[in-house]
Amino acid sequence: MKVLKFGGTSVGTVESINQVIQIIKENLDEGRKIAVVYSAMGGVTNRLIEIGKMASQSDSEYLEQLKTVEERHFNAIRGLIDIKNQSGAIAKVKGLFNELEDLLRGVYLIKELSLRTLDLIVSFGERLSTIVITETLKNRGIDAEFLDARKVVKTNDVFGYADVNFELTNELIRKHFAQTNKLQCITGFIGSTIDGVTTTLGRGGSDYSGSIFGAALNAAVIEIWTDVNGMMTADPRKVKNAFTIPTITYAEAMELSHFGAKVIYPPSLTPAFYKSIPIRVLNTFNHKHPGTFISKTAETKEYSITGISSIDDIALVNLQGGGMIGVAGISAKLFSILAKNKISVILISQASSEHSICFAVDPKSAYGVKEILEEGFATEISQGLLDNISIEQNLSVLAVVGEGMKSSSGISGKLFSVLGKNGINVVATAQGSSELNISVVIYKKDIGKALNAIHETFFQVDGLTLNLFLVGATGLIGSTLLRQIREQRDYLKSRKNLNIRLVGITNTRKMLLEEGGISLENWKEELLENGEIANIGSFVSDVQDLNMPYSVFVDCTADKNIVQYYYSLLSASVSIVTPNKVANSGKFDQYFMLQKAAQKHGVKFLYETNVGAGLPIINTLQGLITSGDKIHSIEAVLSGTLAYIFNNFKAGDRFVDVVREAKAKGYTEPDPRDDLSGQDVARKILILSRECGLKLEPDDVKIINLLNDACLQAKTVDEFFVELEKDNERFERLLADAEAKDEVLRYIATLDDDKVTIELKTVGRKHPFFNLAGSENIVSFTTERYKHNPLVIKGPGAGAEVTASGVFADIMSISSYLV
Ligand code: ADP
Ligand code: ASP
Ligand code: MG
């Protein structure tokens with residue numbers, strides 16, 4: 001004997017019922033003895049509840065709603081049974097709808113809907129679907145018989161969640177089956193009291209019915225047929241990469257379903273467990289798929305956990321107060337009050353200080369629970385032993401489940417680290433003593449992100465994915481970066497199991513966000529064709545609202561305005577990578593605040609390319625400092641432009657011509673004074689000084705001007721060149737003096753003795769800065785460890801290719817921190 005149960009979606013349409021019938025036929029053709037339990041057509045139970053409520057609220061539209069439900073059943077009959085034979089089924093269904101209409105009329109008139117009446121109303125859902133299918137089977141030549149489960153499933157009178165009287169039920173089921181050989185088509189979900197009053201077994205309870213019949217009949221297996229390929233590692237609607245768990249124990253399945261895996265109703269596992277009857281969870285729409293096999297043991301899995309589930313909407317009730325410490329009575333009393341009032345508790349957590357205890361309940365019952373407890377603990381509250389009972393809403397709970405947790409350590413560490421790195425706050429946590437689950441309460445807004453991040457980390461189905469949001473996509477650095485990522489994509493996937501998903505891009509004109517990812521090949525066309533008008537404010541809020549795990553915001557602009565959003569991005573747990581210097585070289589408070597925000601929210605704020613493009617200057621400096629070295633001084637040539645100019649300024653040249661040539665070759669800003677003024681160098685050395693822990697403001701950088709006032713004040717670039725020409729002699733003299741000493745001119749930024757200066761200096765052959773080619777940058781760190789022989793970093797300090805690769809390296813460093 002085998003019991004099959006088909007859920008709401010499996011019996012929801014003509015096509016799906018045809019699938020169901022095919023599965024039944026295959027079983028019969030193979031000579032198997034089976035009994036079949038059905039749910040109401042998908043959505044009908046909810047509909048009936050709404051209709052009942054409408055009627056009780058004097059909303060006469062309930063009748064129209066009822067008609068649509070009726071039509072749905074008639075349509076099913078029309079689609080399933082040939083026209084000559086429909087009348088019998090139609091008459092039966094019509095009879096039930098007449099009965100239901102009378103019942104609802106009563107509710108409408110007395111304006112009252114008790115739980116008892118509601119159970120009767122919803123029972124029509126299963127009765128109707130089962131009649132339609134039974135009639136269809138008979139029409140197709142199968143000797144089927146309708147069995148109203150109320151005849152045999154006997155319960156108490158807790159309407160909505162009735163408890164089954166197994167002794168009686170088992171006996172009645174066995175008796176019934178003993179006197180028939182027909183294929184039994186059974187209504188799921190419903191039962192009745194000894195007095196014959198209709199009851200229901202709880203939402204989703206048809207699974208339970210399947211299990212009750214399976215256990216009573218000593219079935220070899222109970223099959224739960226649904227719309228997914230078995231029990232999966234997470235709810236596939238929430239986690240795209242979820243996959244089927246081939247075998248699982250009753251206990252694990254129980255934990256997963258208790259914490260929200262709707263695919264099986266938790267109580268269903270108990271009757272099967274006691275009789276050691278395995279349960280298979282199968283897909284009606286993919287019926288060759290092996291699905292999930294639930295039994296006492298499960299094969300060893302390659303992952304440390306079995307699955308993750310969640311209840312999206314819970315409330316937390318908090319009991320706290322000095323009076324709880326060491327007083328065993330309070331928790332005992334709490335649990336007895338909860339039990340007496342049949343309050344179903346999802347999770348309990350007690351702080352080890354015993355100062356507080358909190359538990360999660362369905363949010364709909366939270367305020368009722370508060371009242372009940374305030375009444376129950378009135379004396380303790382009035383004596384000040386307990387504070388007032390508080391309720392926190394908008395929370396979710398997620399549970400990580402698996403037998404493997406018993407044998408492997410570090411799972412909770414990993415779990416909390418994933419949550420931390422994604423800025424997900426843990427409000428409460430509980431670990432079952434069976435070590436089968438760890439559950440955490442988090443804010444509801446974070447649930448999708450948390451499930452995906454945890455799933456990705458523990459199962460690594462498709463590797464880890466960084467979600468990238470790029471501002472300045474069409475700029476030189478932005479587009480070079482995208483090209484580099486595209487070229488490196490296969491390597492990252494095959495060697496690092498890492499994906500970079502480009503979720504958002506924007507330039508000054510257009511912006512585009514695609515949760516599934518934007519093509520790295522056609523992003524330009526996609527931006528142009530599908531992009532909306534750019535608005536950085538709404539781009540940023542979209543990034544935050546999407547709330548995707550492992551989000552990285554890359555700012556490849558030099559824009560002042562974007563920086564104002566950094567703080568809120570970091571606070572929303574989005575990492576930032578940028579070559580944009582504005583944020584770090586403005587007011588110290590801003591720099592400091594961003595550092596703190598990144599730390600606090602467990603994300604990264606990386607800006608290696610702020611200084612020296614792709615050269616590892618900031619990383620090296622941070623490495624020295626965090627490993628305990630002391631920075632004595634820093635000397636640096638940090639402007640590629642100025643390096644180029646002074647490298648090419650040789651005896652016999654006119655300084656003005658060298659500057660003109662640099663400009664013509666595109667090595668300077670459009671106005672060369674932006675480079676020659678030393679402002680850009682000042683920003684870079686300021687950033688390095690701050691990395692050393694100095695609290696310096698932009699004004700603290702002393703720039704000894706290269707240019708005279710006339711040059712600086714000239715109104716146009718042309719006028720500037722005229723003034724520079726007049727000043728030629730001074731530069732030539734500087735050069736001649738240097739050469740006389742066998743030295744060269746270098747524009748050097750120095751941090752020494754907590755002071756920052758930028759000036760034109762001469763250096764001799766022994767100085768590391770003597771040999772500089774082209775537009776190379778160079779930095780020399782004199783530290784406690786590198787005292788006599790400074791640590792020097794030298795190389796190309798400008799250019800799209802190297803800057804983009806520096807940005808890329810920062811992005812990669814985030815990924816290694818995450819895994
Ligand atoms: P039925 O109507 O067949 O009883 P349900 O809607 O009650 O089906 O349950 C099946 C649904 O459960 C799936 O469509 C899926 O979205 C959801 N679900 C939640 N968690 C899981 C999980 N871990 N594995 C499979 N399905 C899950
Ligand atoms: N029809 C009932 C419900 O929707 C029972 C079930 O589908 O399992 O809750
Ligand atoms: Mg179900």
Side-chain angles (χ1 to χ4, degrees), residues 4-13 16-17 19-20 23 37-50 69 118-119 121-130 149 153 160-162 186-191 199-212 223-246 248 252-269 279-286 289 291-292 294 305-312 398-402 447 451 454-455 459:
L4 284 67
K5 174 262 168 177
F6 290 93
T9 40
S10 303
V11 300
T13 63
S16 61
I17 294 175
Q19 289 286 333
V20 169
I23 294 165
V37 174
Y38 307 93
S39 288
M41 292 177 86
V44 164
T45 309
N46 285 343
R47 255 306 147 80
L48 292 175
I49 295 173
E50 280 164 31
V69 180
L118 190 60
D119 269 1
I121 292 174
V122 294
S123 76
F124 281 83
E126 271 56 21
R127 288 151 66 194
L128 285 159
S129 63
T130 307
V153 174
Y161 285 100
I186 310 162
T187 56
F189 184 47
I190 61 176
T199 55
T200 61
L201 307 177
R203 293 305 307 274
S206 294
D207 297 336
Y208 194 18
S209 310
S211 188
I212 293 166
E223 293 180 353
I224 303 289
W225 289 86
T226 183
D227 59 350
V228 286
N229 293 336
M231 276 198 108
M232 310 184 79
T233 48
D235 185 343
R237 281 174 304 189
K238 295 179 187 143
V239 178
K240 284 206 187 71
N241 285 333
F243 56 92
T244 303
I245 304 165
I248 188 171
E252 289 174 313
M254 180 70 123
E255 293 288 339
L256 279 175
S257 59
H258 175 72
F259 284 98
K262 190 185 166 212
V263 63
I264 191 158
Y265 181 53
S268 324
L269 293 150
I279 299 178
R280 259 188 202 291
V281 183
L282 297 157
N283 189 350
T284 304
F285 308 96
N286 184 11
H289 192 285
T292 300
I294 310 175
I305 64 168
T306 303
I308 315 160
S309 60
S310 67
I311 305 175
D312 293 356
L398 73 77
V400 170
V401 172
I447 188 71
L451 288 170
I454 295 170
H455 196 274
F459 294 109

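The basis for the numbers below is simple: all heavy atoms, side chains too, and nothing from hydrogens, waters or symmetry mates. Order of appearance sets the numbers: ligands from 1, and atoms from 1 within every ligand.
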Is the closest side-chain donor-acceptor distance between S268 and S211 under 3.5 Å?
no

In terms of side-chain heavy atoms, does D119 have a donor or acceptor partner in T199 at a distance below 3.5 Å?
no

Work out which heavy atom in I245 is nearest to a heavy atom in M232; give both atom names and the distance.
CD1-O, 3.4 Å

Between ligand 1 and the protein, tabulate every N or O atom pair separated by less than 3.5 Å, reporting distance only.
unit_1: ligand 1; atom_1: 2 (O); unit_2: G8; atom_2: N; d: 2.9
unit_1: ligand 1; atom_1: 3 (O); unit_2: T226; atom_2: OG1; d: 2.7
unit_1: ligand 1; atom_1: 4 (O); unit_2: K5; atom_2: NZ; d: 3.2
unit_1: ligand 1; atom_1: 6 (O); unit_2: K262; atom_2: NZ; d: 3.0
unit_1: ligand 1; atom_1: 8 (O); unit_2: T226; atom_2: OG1; d: 3.2
unit_1: ligand 1; atom_1: 12 (O); unit_2: V263; atom_2: N; d: 3.4
unit_1: ligand 1; atom_1: 14 (O); unit_2: D227; atom_2: OD1; d: 2.9
unit_1: ligand 1; atom_1: 14 (O); unit_2: D227; atom_2: OD2; d: 3.4
unit_1: ligand 1; atom_1: 16 (O); unit_2: D235; atom_2: OD1; d: 3.0
unit_1: ligand 1; atom_1: 16 (O); unit_2: R237; atom_2: NE; d: 2.8
unit_1: ligand 1; atom_1: 16 (O); unit_2: R237; atom_2: NH2; d: 3.1
unit_1: ligand 1; atom_1: 23 (N); unit_2: M232; atom_2: O; d: 3.0
unit_1: ligand 1; atom_1: 24 (N); unit_2: M232; atom_2: N; d: 2.8

For F243, does the CZ atom have more than 12 heavy-atom neighbours from other residues, nucleotides or ligands under 6.0 Å away?
yes

Residues forming a side-chain contact (heavy atoms from CB on, under 4.5 Å) with T284, sequence neighbours excluded
F6, S10, Q19, V20, I23, W225

Considering residues at least two apart in sequence or located in another chain, which fulfil the side chain to side chain donor-acceptor pair (under 3.5 Å) criterion with T292?
none

Verdict with reasoning, D235 to L451, per side-chain contact (heavy atoms from CB on, under 4.5 Å)
CA-CA 9 Å; D235 185 343; L451 288 170; over 6 Å; no

Report all N/O contacts between ligand 2 and the protein shorter than 3.5 Å as a table of atom names and distances to 0.1 Å; if there are none, say 'none'.
unit_1: ligand 2; atom_1: 1 (N); unit_2: T45; atom_2: OG1; d: 2.7
unit_1: ligand 2; atom_1: 1 (N); unit_2: E126; atom_2: OE2; d: 2.8
unit_1: ligand 2; atom_1: 4 (O); unit_2: T45; atom_2: OG1; d: 3.3
unit_1: ligand 2; atom_1: 4 (O); unit_2: R203; atom_2: NH2; d: 2.9
unit_1: ligand 2; atom_1: 7 (O); unit_2: S39; atom_2: OG; d: 3.2
unit_1: ligand 2; atom_1: 8 (O); unit_2: G204; atom_2: O; d: 3.3
unit_1: ligand 2; atom_1: 8 (O); unit_2: G205; atom_2: N; d: 3.4
unit_1: ligand 2; atom_1: 8 (O); unit_2: S206; atom_2: N; d: 3.0
unit_1: ligand 2; atom_1: 8 (O); unit_2: S206; atom_2: OG; d: 3.3
unit_1: ligand 2; atom_1: 9 (O); unit_2: R203; atom_2: NE; d: 2.6
unit_1: ligand 2; atom_1: 9 (O); unit_2: R203; atom_2: NH2; d: 3.3
unit_1: ligand 2; atom_1: 9 (O); unit_2: G204; atom_2: N; d: 2.8

Could you walk me through whether E126 and S39 satisfy the side-chain contact (heavy atoms from CB on, under 4.5 Å) test, starting with their C-alpha distance in whole Å, then the side-chain angles of each, then the deciding distance to 0.1 Å, before giving a yes or no?
CA-CA 5 Å; E126 271 56 21; S39 288; 3.9 Å; yes

Should H455 and T233 be marked as a side-chain contact (heavy atoms from CB on, under 4.5 Å) after you check the CA-CA gap, both sets of side-chain angles, and the distance that decides it?
CA-CA 8 Å; H455 196 274; T233 48; 2.7 Å; yes

